[in-house]
Every structure is written in C-alpha cells, then in structure tokens.
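Any value given below was found using the heavy atoms of this structure, including those in side chains, with hydrogens, waters and symmetry copies removed. Everything numeric in this text was worked out from a predicted model, so none of it was measured.
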Amino acid sequence: ISPPSPITLLAKLILPDGILEALIADPVRNRIYGANRNSKNIAVIDLASRSIMQTIAVDGNARGMAISSDGSKLWAAETGATDPGVAVVDLVNLAALPSFTVDHPSYNAPWSCVLTPDRKLLVGQAQFQMTRLDADTGITEDSFSTRMYEPYFALGSDGVTLYSGDMNSSGYIHRFTLVNDKPVETA
C-alpha cells in the first residue's frame, strides 16, 4: 500500500524527553491525544492551532489508549514494570484521575486498551494475556490467554469485532468476536 501523495505534515511537535507512542482522536472536540511514553504524560493536541495545549501527567509510561464516545474520559495502558496498569484522564477538566491497577508480573505490563460499547476496558498485556476491567470502577472482571505479543487494538464499527496487531507475528492481524465482552478469536 502506498501512502497518499503528497503527504501533508499536520505539525512537527517537539516533545522534550518523550516518544509519541500512540494517538487517539477526541470524538467531541477538535483535539487528538498523544501517549508520551518516556515522559509519563498525555499530550493534548489542539488541531486548529496544530500545537500542544498542555500535557497531563500520569503514573506510568503511556502507550495504547481508548476514549469514551462522549469524550469525557481517556484510558491509557501504562507499560513500566512498576506502573499501576491503566491511566485514567478526565477530558472535560484535562486532569488525571487515579490509575486502575492491573495485576501483572514485571515482564507482562499492559500494552494497549480498547473500550467496548458496554463500558468494559479490554487491556492487552505485553505477553499473551488480556484483562477485562469495568471502565468506571477499574475492577478486574476476567483475564484471558491470547496468542498476541505487544498488541494494539481497534474495535470495529459493529462494536463486537476486535482487531489486534501483534508485534510478534510479522504483521499478522488477529480478529476476535466479543461475546459478552469476552474475546473469542475468529478466522
């Protein structure tokens, strides 16, 4: 697949001591949010001015993110060995809320997350594990074994098809069907 031509650079953003790991669009405001992995913050990027409005400090190294359909909350997987698990951000007030804890051994930190229509947060962990949390309380509801290593997620428009890119499989994309918010791998 070739990129469109010509490519237009939206903005060149300078993030001191950071790496912009992932982006997610705000469904309500003219903004995108960037997970700034090495600086433990979320960059709030205003699209009209093409600039960083502010950064929001979180407890860990942010990676894959999810956002509520009403634009009120953002969740970001935190990947450091001692990080709590999932950062939670109030997007109305642009403030960090208490992080959710995801129990994990140091080698299997949360890597990405996706929000289901039933407000369940599916958190992909670095090595072959997925955890389901209640998106409002952070309570762990279930845990599943997977064949994914360092996954990134996309939820289909039907709200039940979950796609995952996998760093371990040379470009494979996994497809799951969510049955009662539990991922079932499908061909």
Side-chain angles (χ1 to χ4, degrees), residues 3-4 7-80 82-102 104 109-126 130-138 148 150-157 159 162-165 167:
I7 296 173
T8 303
L9 180 65
L10 174 65
K12 184 174 182 181
L13 304 174
I14 306 300
L15 298 171
D17 302 320
I19 295 172
L20 198 58
E21 180 74 23
L23 294 172
I24 195 161
D26 190 313
V28 177
R29 300 164 201 88
N30 194 24
R31 297 182 193 151
I32 55 176
Y33 303 94
N36 193 357
R37 179 169 40 115
N38 290 352
S39 294
K40 295 187 177 185
N41 66 50
I42 305 295
V44 181
I45 303 164
D46 177 71
L47 292 173
S49 67
R50 299 180 180 192
S51 64
I52 297 173
M53 294 174 51
Q54 74 178 71
T55 57
I56 301 167
V58 295
D59 292 328
N61 296 314
R63 281 197 187 253
M65 298 179 288
I67 193 167
S68 61
S69 60
D70 65 0
S72 64
K73 275 190 183 173
L74 177 141
W75 298 264
E78 298 173 314
T79 61
T82 60
D83 293 344
V86 178
V88 184
V89 177
D90 172 349
L91 295 179
V92 175
N93 298 303
L94 296 177
L97 298 171
S99 291
F100 293 161
T101 299
V102 176
H104 60 86
W111 203 261
S112 62
C113 58
V114 67
L115 183 66
T116 72
D118 295 331
R119 294 190 64 80
K120 304 302 178 186
L121 196 64
L122 298 178
V123 180
Q125 292 166 242
M130 188 183 302
T131 301
R132 184 180 66 218
L133 307 174
D134 181 287
D136 296 312
T137 65
M148 299 177 299
E150 298 178 351
Y152 282 98
F153 296 127
L155 188 63
S157 60
L162 177 67
Y163 300 94
S164 174
M167 299 289 289

Decide yes or no for [X] and [Y]: does some side-chain heavy atom of the first lie under 4.5 Å from some side-chain heavy atom of the second?
{"X": "Ser68", "Y": "Arg119", "result": "yes"}
{"X": "Tyr33", "Y": "Val44", "result": "yes"}
{"X": "Asn61", "Y": "Glu78", "result": "no"}
{"X": "Val89", "Y": "Met65", "result": "no"}
{"X": "Ile56", "Y": "Asn41", "result": "no"}
{"X": "Arg29", "Y": "Leu91", "result": "yes"}

How would you list, by chain and number, every residue that makes a salt bridge (charged side-chain N to carboxylate O under 4.0 Å, His left out) with Asp46, sequence neighbours excluded?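 None.
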According to side chain to side chain donor-acceptor pair (under 3.5 Å), who are the partners of [X], at least two apart in sequence or on a separate chain?
{"X": "Asp118", "answer": "none"}
{"X": "Ser157", "answer": "none"}
{"X": "Lys120", "answer": "Glu141"}

Closest approach of [X] to [Y] (non-hydrogen atoms, all atoms of both residues):
{"X": "Ala22", "Y": "Gly64", "answer": "CB-CA, 4.3 Å"}
{"X": "Thr116", "Y": "Leu155", "answer": "CA-CD2, 4.1 Å"}
{"X": "Ile42", "Y": "Ala62", "answer": "CD1-CB, 3.7 Å"}

Any chance you could measure [X], atom [atom1], to [Y], atom [atom2], to the nearest 0.5 Å?
{"X": "Thr137", "Y": "Leu121", "atom1": "OG1", "atom2": "CG", "result": "10.5 Å"}
{"X": "Ser112", "Y": "Met130", "atom1": "OG", "atom2": "CE", "result": "8.0 Å"}
{"X": "Ile67", "Y": "Asp26", "atom1": "CD1", "atom2": "CG", "result": "4.5 Å"}
{"X": "Ile52", "Y": "Arg31", "atom1": "CD1", "atom2": "CZ", "result": "13.5 Å"}
{"X": "Met53", "Y": "Leu47", "atom1": "CE", "atom2": "CG", "result": "10.5 Å"}
{"X": "Ile45", "Y": "Asn30", "atom1": "CD1", "atom2": "CG", "result": "12.0 Å"}

What pairs of donor and acceptor atoms, side-chain ones from residues 93-101 against any protein atom, are under 3.5 angstrom apart with sequence neighbours left out?
| unit_1 | atom_1 | unit_2 | atom_2 | d |
| --- | --- | --- | --- | --- |
| Asn93 | ND2 | Asp90 | OD2 | 2.8 |
| Ser99 | OG | Asp59 | OD2 | 2.8 |

If the condition is side-chain contact (heavy atoms from CB on, under 4.5 Å), which residues does Ser69 pass it with, not counting sequence neighbours?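 For Ser69 there are no side-chain contact (heavy atoms from CB on, under 4.5 Å) partners, ignoring immediate neighbours.
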For Ser164, what residues pass the side-chain contact (heavy atoms from CB on, under 4.5 Å) criterion, not counting sequence neighbours?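 Ser164: side-chain contact (heavy atoms from CB on, under 4.5 Å) contacts with Met148, Pro151, Phe153, His174, Phe176.
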Is a side-chain donor or acceptor of Gln125 paired with a backbone partner of Ala109 at a separation under 3.5 angstrom?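 Not at all, since once roles are kept as given, no pair shorter than 3.5 Å links the two residues.
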Run the side chain to side chain contact (heavy atoms under 4.5 Å, CB included) check on Lys73 and Leu115 step by step: do they pass? CA-CA 11 Å; Lys73 275 190 183 173; Leu115 183 66; over 6 Å; no
